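Data first, discussion second: the structure below is written as structure tokens.
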Amino acid sequence: MTGAQFLFYALGLATVMGGLGVVLSRNVVHSALALLLSLIAVAGIYVLLYAEFLALVQVLIYGGAIVILLLFVLMLTRSGESPLVLDNPQKPVALVVSLLFMAIAIVSFFLTRWKLAQAPRGVDFSVLGGSLFQDWVLPFEVASLVLLVALMGAIIIARESPQ
Amino acid sequence: MPWYVDITARVGAMLIFLILTVLALVWLERKFAGRIQMRLGPMRTGYQGLLQSLADAVKLLLKEDLRPANADRWAFQMAPFVVFVPIFLIFVTIPFSRELVIRNLDMGLFYIIAVSGLSIVGIVMAGWGSDNKYALLGAVRSAAQMISYELPLVLALLGIAMQASSLNLVTIVEQQRFLPNLFMQPLGFTLFMVAALAELHRSPFDIPVAESEVVGGPFIEYSGIRWGIFYLSEYVNLVAVAALASLVFLGGWEWPLLPPAAWFLVKTFALIMVIMWVRATLPRLRIDQLMDFAWKILLPLAFVNIFIVGLYRLYQWPTWTVSLISLAMAIVAAATVYHFPGGERR
């Protein structure tokens with residue numbers, strides 16, 4: 001086993017363990033922290049795939065922003081005030097749906113003809129920027145518009161007085 | 001030499017350098033603040049109290065590592081390391097000179113921004129895990145403050161990245177051989193330093209750890225070695241921010257006469273002294289003033305800074321016009337802050 005393979009399996013294990021921690025933990029804050037572990041391990045896999053920029057974005061957005069926001073909200077809610085819900089009556093439906101999704105994922109994984117890169121090389125950062133802001137500038141702008149709308153919505157909800 | 005020996009040696013050397021620097025900085029801060037406040041500072045341990053930090057460190061290592069009965073064991077014990085590791089990771093790509101760097105990353109600046117954000121998680125873990133209301137309040141304040149001030153900080157660095165057309169710290173420094181970015185973007189430098197003070201929990205933005213309000217904030221329940229690691233990371237973070245500022249704004253090692261790494265250290269320590277001077281001089285802000293300041297003053301100015309640099313890049317303006325506009329904006333900003341300091345208490 002090469003070093004890269006070892007790293008890949010270690011990171012994969014961390015990802016899966018983190019994911020299991022999220023759903024199995026009885027404490028929501030622990031779930032959020034396990035989510036962070038999982039996301040950071042995914043960033044590590046991106047590094048192995050020569051996608052450094054994507055890895056850094058993953059750390060910045062998911063680690064630095066989304067998990068912090070989750071924790072921020074969870075800290076302000078007192079654990080123990082609401083009953084712990086780890087289960088609900090829709091279990092059979094959920095089982096069917098997730099098995100179906102897994103089947104689709106596995107089938108498509110085996111049916112796709114994967115192009116194997118001959119010499120793995122990272123994409124130059126400037127090429128990425130050029131592609132994003134020249135070829136794909138319209139989707140980019142639309143995405144930022146969507147975010148702006150969401151931001152304005154949040155402000156309006158926050159401003160609404162109770163009476 | 002195999003690569004793993006090489007990387008272990010580099011990381012180990014950096015760790016030892018940082019610990020020694022922190023010991024020196026603690027002594028320096030106590031002496032410097034003492035002189036500003038017409039005190040002597042530590043005098044008893046060694047000549048001029050030089051061994052005081054060492055004695056304190058030994059004391060911390062020998063103290064009992066306490067954990068409150070109701071604390072969340074896992075979060076409480078992990079928190080100091082979750083704070084320290086991201087801050088230490090910043091130093092992986094901080095170049096002391098062209099060759100003296102653990103690993104020069106092509107996206108170094110972006111790497112620093114991405115990694116440094118993670119240490120907030122550790123502070124939140126500490127605050128939540130301690131099961132103490134002051135710790136929790138401190139952690140909430142800290143998270144809010146660090147998220148808010150990260151924006152102007154990152155946007156100020158974006159101005160530099162735009163001007164340099166690079167995120168590689170070595171390239172950014174080498175472009176400043178004739179004119180440090182400080183003279184190109186005085187507004188960007190001002191924004192960076194102010195936001196950095198807030199990111200460091202330094203006075204006048206030390207609200208998350210305010211002794212008189214939340215008695216030490218997230219670190220209140222810690223003792224012994226774990227508290228020591230928090231303290232260490234606070235000072236390592238101070239070095240990291242000053243080093244980054246000296247690289248991207250003051251031109252790092254690119255000055256004549258002295259050896260390169262020496263210039264870098266001189267600039268870094270000068271900035272650290274300025275930060276200590278601010279701490280010994282200014283009173284603490286209120287939490288609402290803090291948020292107002294970030295969102296209503298710093299953030300718009302950061303956008304103005306980006307706009308100026310963008311115009312310069314687009315229309316190829318001569319350098320001095322940009323310097324002049326940026327300086328004027330910095331003065332306007334200072335005047336605004338000076339004339340509208342408080343706002344109404346809510």
Side-chain angles (χ1 to χ4, degrees), chain A residues 3 6-7 21 25-41 43-44 46-47 50-80 121-130 133 151 155 158, chain B residues 3-4 70 72-76 78-79 82 85-86 89 93 103 105-131 133 135-148 150-151 154 161-162 165-168 171 218 295:
Chain A
F6 173 75
L7 269 179
S25 171
R26 298 196 151 265
N27 185 321
V28 278
V29 176
H30 286 176
S31 290
L33 294 174
L35 180 65
L36 180 68
L37 173 71
S38 189
L39 294 168
I40 298 285
Y46 289 152
V47 173
Y50 293 87
E52 292 97 345
F53 181 71
L54 193 59
L56 289 179
V57 170
Q58 171 92 356
V59 171
L60 181 68
I61 304 294
Y62 286 99
I66 290 184
V67 171
I68 306 274
L69 273 183
L70 271 178
L71 284 171
F72 198 79
V73 173
L74 291 178
M75 282 201 317
L76 295 175
T77 57
R78 207 182 267 271
S79 59
R121 258 191 73 242
V123 179
D124 192 23
F125 182 57
S126 51
V127 176
L128 203 68
F133 292 110
L151 202 66
I155 290 172
Chain B
W3 63 271
Y4 50 86
N70 286 334
D72 184 284
R73 187 192 186 112
W74 197 68
F76 185 82
M78 287 289 288
V82 179
V85 168
L89 282 178
T93 192
R103 188 97 160 78
L105 300 174
D106 212 28
M107 279 181 259
L109 201 55
F110 189 53
Y111 166 85
I112 288 173
I113 291 165
V115 167
S116 65
L118 283 179
S119 64
I120 311 177
V121 177
I123 290 177
V124 168
M125 275 167 83
W128 177 80
S130 302
D131 193 33
K133 60 181 171 188
L136 187 65
L137 276 175
V140 173
R141 287 179 170 193
S142 173
Q145 173 173 332
M146 285 174 92
I147 291 174
S148 306
E150 213 168 356
L151 292 172
V154 170
M162 281 167 71
S165 305
S166 172
L167 292 172
N168 188 329
T171 316
W295 293 99

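In this text the structure is predicted, and so the values were computed from the model without any measurement. Convention: sequence-line order gives letters A, B, ...; per-chain numbering from 1.
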Inset, instruction - Taking all heavy atoms of B:V121 and all of A:G63, pick out the closest pair and write down the distance. - result: CG2-O, 4.1 Å

Legend entry - Smallest separation among heavy atoms of B:A144 and A:F72, with atom names: N-CE1, 3.9 Å

List in chain and number order the residues that pass side chain to side chain contact (heavy atoms under 4.5 Å, CB included) with [X], two or more places apart in sequence or in another chain; answer none if no residue qualifies.
X	answer
B:T171	B:S166, B:N168, B:Q175
B:I113	A:L60, B:V154, B:L157
B:S116	B:I90

Legend entry - Interface moiety of A:L33 toward chain B, non-hydrogen atoms closer than 4.5 Å: side chain

Inset, instruction - With chain B as the partner chain, list the residues of residues 34-41 of chain A whose heavy atoms fall under 4.5 Å from it, by residue number, and write 'none' if nothing qualifies. - result: A:L36, A:I40

Inset, instruction - Give, as side chain, backbone, both or neither, the part of B:I120 having an atom under 4.5 angstrom from any heavy atom of chain A. - result: both

Legend entry - chain A contact via B:M125 - side chain, backbone, both or neither, heavy atoms under 4.5 Å: side chain

Legend entry - Max heavy-atom pair count under 4.5 Å with chain A, selected residue of B:V82, B:V115, B:D72: B:D72

Inset, instruction - Could you tell me the separation between the CD1 atom of B:I123 and the CD1 atom of A:I68, rounded to the nearest 0.5 Å? - result: 9.0 Å

Legend entry - B:W128 CH2 to A:L74 CG distance, which is reported to the nearest 0.5 Å: 9.0 Å

Inset, instruction - Could you check if a side-chain atom of A:V59 sits within less than 4.5 angstrom of a side-chain atom of B:Y111, using non-hydrogen atoms only? - result: no

